[in-house]
*Asks:* 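This is the structure, below, for whatever I ask next.
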Amino acid sequence: MEITKCGMIAIVGRPNVGKSTLTNALTGDRIAIVSPKPQTTRNRICGVVCRDDTQYVFMDTPGLHKAQSKLGEFMNHIVDNSVADVDAALLMVEPIAKVGIPERELIEKIKGTGAPAILVINKIDTVSAPEILPVIDAYRNEMEFEAVLPISAKNNDGIEELFKILAPLMPKGRPLFPEDMTTDQPERQVLAEILREKLLYCLDREVPHGIAVELETFSERENGIIDVGAVIYCEKTSHKGIIIGKSGAMLKRIGEQARVDMEKFMGTKICLKTWVKVAENWRDKSAALHNFGYVCDD
């Protein structure tokens, strides 16, 4: 069927509420990394879905939080830009009957756009049905939503219902992306993010938040094997030792886990080599942020 409608949908919320999990569930592909740690998503990631006559472009955004570095300021700026010009906004919250400061800020941003908003209450698999009603009441006192939808992004519960709600809200227009495309992220960026995801899972405490990954080499051999050379940047020499681990054990473990997922994504064998370098306080240096791809459109 020919695509005759196309809409941009921003997925916003506080850190660790499940925005990236929802993006992956909506696209049916693993385009955004996820982890139990907050502030996993640092940049805007578009997930593209074509259904019937409509192309949906979902924008997974960083969690709105109190910035403590230039990186944090960049992430919050990405949220502002993403909400500024959309056809619909999904405010994603946890099943807690209290509207927090980040949610109030996001509600005001959405109100300013005039775009229809859908309240998406995630993680309903963690509470009983009666506990959801006070959550709905709390948010309806703050804003008039186009719809309210309890879901479990992790379990794919509510995904079909969300498409049904969004379909009539999408405007007429030509598709923004090819119909076989699921994300606007280049392959290099996806592979770098997969490696960062494994770092988030394998490392504890403050180390992951001070890590950036940069692919220095990315080339394909004649036999189809892809050679990937990745540099892991951290902010302290002590963190470098933690990442590498005793006799290189931690770095090897991280690399092996990353390679498995990289091969699933690329559909071919990956030869992954990693190095760890120190870039002190890079999160507060504009040049470093630019080099690592954290650049605002404006």
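Predicted model, so just to flag it, every value in this text is computed and none were measured. Start at 1 with the first residue, then count along the sequence.
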*Asks:* Ignoring hydrogens and angles, tell me if any N or O in the side chain of Arg188 forms a donor-acceptor pair with the backbone of Leu215 under 3.5 Å.
*Replies:*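 Yes, the answer is positive, given that a donor and an acceptor are paired below the 3.5 Å cut-off.
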*Asks:* Do the side chains of Val278 and Cys234 get nearer than 4.5 Å, heavy atoms only?
*Replies:*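 Yes. Closest side-chain heavy atoms under 4.5 Å.
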*Asks:* Give a yes or no on whether Met170 and Val49 share a hydrophobic cluster (residues Ile, Leu, Val, Met, Phe, Trp, Tyr; joining criterion: side-chain heavy atoms under 4.5 Å apart).
*Replies:*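 Result: yes, single cluster for both.
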*Asks:* Using a 3.5 Å distance criterion without hydrogens, assess whether the side chain of Asn155 forms a donor-acceptor pair with backbone atoms of Asp157.
*Replies:*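 No.
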*Asks:* Out of curiosity, does Leu149 fall in the hydrophobic cluster containing Leu106 (side-chain heavy atoms, cut-off under 4.5 Å, transitive links)?
*Replies:*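 Different clusters: Leu106 never reaches Leu149 through Ile, Leu, Val, Met, Phe, Trp or Tyr contacts under 4.5 Å.
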*Asks:* Rounded at 0.5 Å granularity, tell me how far CG in Leu195 sits from CG in Leu200.
*Replies:*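 Leu195 atom CG to Leu200 atom CG measures 10.0 Å (nearest 0.5 Å).
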*Asks:* Kindly compute the distance separating CG (Asn16) from CD (Glu94), expressed to the nearest 0.5 Å.
*Replies:*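 It comes to 7.0 Å.
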*Asks:* Measuring only between side-chain heavy atoms, which start at C-beta, is Leu22 closer than 4.5 Å to Asn122?
*Replies:*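 No, every pair of side-chain atoms sits at 4.5 Å or beyond.
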*Asks:* When you compare the side chain of Thr183 with that of Ile45, does any pair of heavy atoms fall below 4.5 Å?
*Replies:*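 Yes, close enough: below the 4.5 Å cut-off.
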*Asks:* Of Asp29, Thr27, Asn24, which meets side-chain hydrogen bond (donor to acceptor under 3.5 Å, both in side chains) against Thr182?
*Replies:*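 Option passing the side-chain hydrogen bond (donor to acceptor under 3.5 Å, both in side chains) with Thr182: Asp29.
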*Asks:* Does Val148 reach the side chain of Tyr139, with side-chain heavy atoms less than 4.5 Å apart?
*Replies:*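 Sidechains of Tyr139 and Val148: no contact.
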*Asks:* For the residue pair Thr268 and Gly224, what are the closest heavy atoms and their distance?
*Replies:*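 Reported closest heavy-atom pair: OG1-O, 2.9 Å.
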*Asks:* Please determine whether side-chain contact (heavy atoms from CB on, under 4.5 Å) holds for the pair Thr217 and Asp227, giving the CA-CA distance in whole Å, both sets of side-chain angles, and the decisive distance to 0.1 Å.
*Replies:* CA-CA 7 Å; Thr217 59; Asp227 290 298; 5.7 Å; no
*Asks:* For Pro95 versus Thr126, what's the shortest heavy-atom pair and its separation?
*Replies:*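 In terms of heavy atoms, the two residues are closest at CG-OG1, 4.1 Å.
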*Asks:* Check whether more than 12 heavy atoms from other residues, nucleotides or ligands sit under 6.0 Å from atom CG of Asp85, and answer yes or no.
*Replies:*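 It does not: Asp85 CG has 12 such atoms or fewer within range.
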*Asks:* Is the shortest distance from a Lys or Arg side-chain nitrogen in Glu160 or Arg51 to a carboxylate oxygen in the other one below 4.0 Å?
*Replies:*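 Looking at Arg51 together with Glu160, the answer is yes, because their closest N to O distance falls below 4.0 Å.
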*Asks:* What is the distance from atom CE of Met181 to atom CD of Gln55, rounded to the nearest 0.5 Å?
*Replies:*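 Going from the CE atom of Met181 to the CD atom of Gln55 covers 9.5 Å.
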*Asks:* Looking at Gly18, is its backbone amide N or carbonyl O close enough to the side chain of Lys123 to form a donor-acceptor pair, meaning the two atoms are under 3.5 Å apart?
*Replies:*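 Absent.
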*Asks:* Can you name the closest pair of heavy atoms from Pro116 and Glu146 and give their distance?
*Replies:*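 Closest heavy-atom pair between Pro116 and Glu146: CB-OE1, 3.7 Å.
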*Asks:* Output, in order, the C-alpha distance, side-chain angles, deciding distance and verdict of side-chain contact (heavy atoms from CB on, under 4.5 Å) for Ile232 and Ile211.
*Replies:* CA-CA 7 Å; Ile232 301 165; Ile211 284 176; 3.9 Å; yes
*Asks:* Please answer whether the main-chain N or O of Gly100 pairs with a side-chain N or O of Glu103 as donor and acceptor at a distance below 3.5 Å.
*Replies:*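 Yes, Glu103 side chain to Gly100 backbone: donor-acceptor pair under 3.5 Å.
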*Asks:* Do Trp282 and Phe292 have ring centres separated by under 6.0 Å?
*Replies:*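 Trp282 vs Phe292: aromatic centres under 6.0 Å.
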*Asks:* Does any part of the side chain of Ile226, heavy atoms only, come nearer than 4.5 Å to the side chain of Glu263, both counted from C-beta?
*Replies:*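 A side-chain contact is absent here, since even the closest heavy-atom pair is not under 4.5 Å.
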*Asks:* Between OG1 of Thr4 and CG of Asp53, what distance do you get to the nearest 0.5 Å?
*Replies:*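 It is 4.0 Å, given to the nearest 0.5 Å.
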*Asks:* Could you tell me the separation between the CD1 atom of Ile243 and the CD1 atom of Ile254, rounded to the nearest 0.5 Å?
*Replies:*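 Reported value, rounded in 0.5 Å steps: 7.0 Å.
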*Asks:* Quick one: closest heavy-atom pair of Gly229 and Trp275, and the distance?
*Replies:*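 Taking Gly229 first and Trp275 second, the nearest heavy atoms are CA-CZ3, 3.7 Å.
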*Asks:* Can you check whether Met266 reaches Val190 side chain to side chain, under 4.5 Å on heavy atoms?
*Replies:*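 A side-chain contact under 4.5 Å is absent here.
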*Asks:* For residues Pro171 and Gly7, report the shortest heavy-atom separation together with the two atoms involved.
*Replies:*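 Closest pair (atom of Pro171, atom of Gly7, distance): CD-CA, 4.0 Å.
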*Asks:* Report the residue from Ile11, Ile9, Val86 that forms a side chain to side chain contact (heavy atoms under 4.5 Å, CB included) with Met59.
*Replies:*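 Option passing the side chain to side chain contact (heavy atoms under 4.5 Å, CB included) with Met59: Val86.
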*Asks:* Please report the shortest heavy-atom distance between Ala117 and Met143, naming the atom on each side.
*Replies:*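 Nearest pair, atom of Ala117 first, then Met143: CB-CE, 3.5 Å.
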*Asks:* Does any non-hydrogen side-chain atom of Lys111 lie less than 4.5 Å from one of Ile107?
*Replies:*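 Yes - at least one pair of side-chain heavy atoms lies under 4.5 Å apart.
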*Asks:* Check whether more than 12 heavy atoms from other residues, nucleotides or ligands sit under 6.0 Å from atom CG of Leu133, and answer yes or no.
*Replies:*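 Enclosed.
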*Asks:* If you draw a 6.0 Å radius around CD in Glu216, do more than 12 non-hydrogen atoms from other residues or ligands fall strictly inside?
*Replies:*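 For Glu216, atom CD is crowded (more than 12 foreign heavy atoms under 6.0 Å).
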*Asks:* Apply salt bridge (Lys or Arg N to Asp or Glu O under 4.0 Å) to Glu193 and Arg196, showing your working.
*Replies:* CA-CA 5 Å; Glu193 285 290 273; Arg196 190 166 68 86; 2.9 Å; yes
*Asks:* Mind checking whether Leu169 and Phe163 sit in one hydrophobic cluster, side chains of I, L, V, M, F, W, Y counted as touching below 4.5 Å?
*Replies:*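 Per the 4.5 Å side-chain linkage, Leu169 and Phe163 are co-clustered.
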*Asks:* What about Leu26 and Val57, same hydrophobic cluster or not, with Ile/Leu/Val/Met/Phe/Trp/Tyr joined at side-chain heavy-atom distances under 4.5 Å?
*Replies:*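 No: no chain of side-chain contacts under 4.5 Å links Leu26 to Val57.
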*Asks:* Verify side-chain contact (heavy atoms from CB on, under 4.5 Å) between Asn291 and Tyr233, making sure each step is shown before the conclusion.
*Replies:* CA-CA 12 Å; Asn291 289 339; Tyr233 290 91; over 6 Å; no
*Asks:* Are Leu162 and Tyr56 side-chain neighbours, meaning at least one heavy-atom pair lies under 4.5 Å?
*Replies:*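 Side chain of Leu162 against side chain of Tyr56, heavy atoms only: no contact under 4.5 Å found.
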*Asks:* Is it the case that atom NZ in Lys285 sees more than 12 heavy atoms from other parts of the structure closer than 6.0 Å?
*Replies:*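 Enclosed.
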*Asks:* Between Asp87 and Met8, is there a donor-acceptor pair closer than 3.5 Å when you use the side chain of the first and the backbone of the second?
*Replies:*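 It does hold such a pair.
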*Asks:* Roughly how far apart are Arg259 CZ and Ile194 CD1, rounded to 0.5 Å?
*Replies:*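 Rounded to the nearest 0.5 Å, the CZ-CD1 separation comes out at 12.5 Å.
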*Asks:* Is a donor on one side and an acceptor on the other found under 3.5 Å between the side chain of Arg104 and the backbone of Val99?
*Replies:*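 Flag set: sc Arg104 to bb Val99 pair under 3.5 Å.
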*Asks:* Are Val120 and Val17 joined in one hydrophobic group, where the rule is that I, L, V, M, F, W and Y side chains link up if heavy atoms are under 4.5 Å apart?
*Replies:*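 They do share one cluster, since a chain of ILVMFWY contacts under 4.5 Å joins Val120 to Val17.
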